[in-house]
Amino acid sequence: GLRANIMGSFKTDPISDPAFFDGCSKDYEFKKLLYGLTFFHAVIQERRLYGPLGWNIPYEFTESDMRISVMQLTMFLDEYPNEVPFK
């Protein structure tokens, strides 16, 4: 289910590395946004079980997509030290 997918995401590389997980300059914002990203990933993974029902096109958000998204999240948060770049 969703909980297993979220926990699985937190156990994958690079999130499972303590140096990476605690290394972002905006620790609070990073962890909140990371949870949102892992939740989105879990929902997409769970929706694959239902096939095309309710979807216009099939979409995969694979583990490699998740890994790249997490690294980009860290990069964006570290790149803007005075703000969170929501735009």
- Close side-chain approach of Met66 to Thr38, heavy-atom, < 4.5 Å: yes
**Item:** Salt-bridge criterion met for Asp27 and Lys32 (N-O under 4.0 Å)
**Value:** no
Here the gap from Ser69 atom OG to Leu33 atom CG, rounded to the nearest 0.5 Å, amounts to 12.0 Å
Output for pair (Phe39 CZ, Ile6 CD1), nearest 0.5 Å, gives 6.0 Å
For Ser9 and Thr12 the tightest heavy-atom approach is O-OG1, 2.7 Å
The reported gap from SG in Cys24 to CG in Leu73 (rounded to nearest 0.5 angstrom) is 7.0 Å
- Query: How about Ser16 and Asp13: does a side-chain donor come under 3.5 Å of a side-chain acceptor?
  - Reply: no
_Please check if the number of heavy atoms outside Met71 that lie under 6.0 Å from its CE is greater than 12._
yes
- Are Val70 and Met7 in one and the same hydrophobic cluster, where Ile, Leu, Val, Met, Phe, Trp and Tyr link if side-chain heavy atoms are under 4.5 Å apart? no
Rounded to the nearest 0.5 angstrom, the CZ-CG distance for Phe21 and Leu34 is 6.0 Å
Take Glu46 and Asn5, measure what side-chain contact (heavy atoms from CB on, under 4.5 Å) needs, and give me the verdict at the end.
CA-CA 8 Å; Glu46 285 297 309; Asn5 271 324; 2.9 Å; yes
Rounding to 0.5 Å, atoms CD (Glu79) and OG1 (Thr74) come to a distance of 12.0 Å
Which is it for Lys31 and Asp22 under the side-chain contact (heavy atoms from CB on, under 4.5 Å) test, yes or no, and what are the steps along the way? CA-CA 9 Å; Lys31 289 179 180 169; Asp22 296 324; 3.3 Å; yes
- Gln45 and Leu2: CA distance, side-chain angles, deciding distance, side-chain contact (heavy atoms from CB on, under 4.5 Å) verdict: CA-CA 9 Å; Gln45 294 301 314; Leu2 279 178; over 6 Å; no
Can you confirm whether Tyr80 is buried at OH, in the sense that more than 12 heavy atoms of other residues, nucleotides or ligands lie under 6.0 Å from that atom?
no
Please tell me if the side chains of Val84 and Phe76 come closer than 4.5 Å, counting only heavy atoms from C-beta onward.
no
Distance col, row Glu83:CD vs Glu29:CD, nearest 0.5 angstrom, shows 11.5 Å
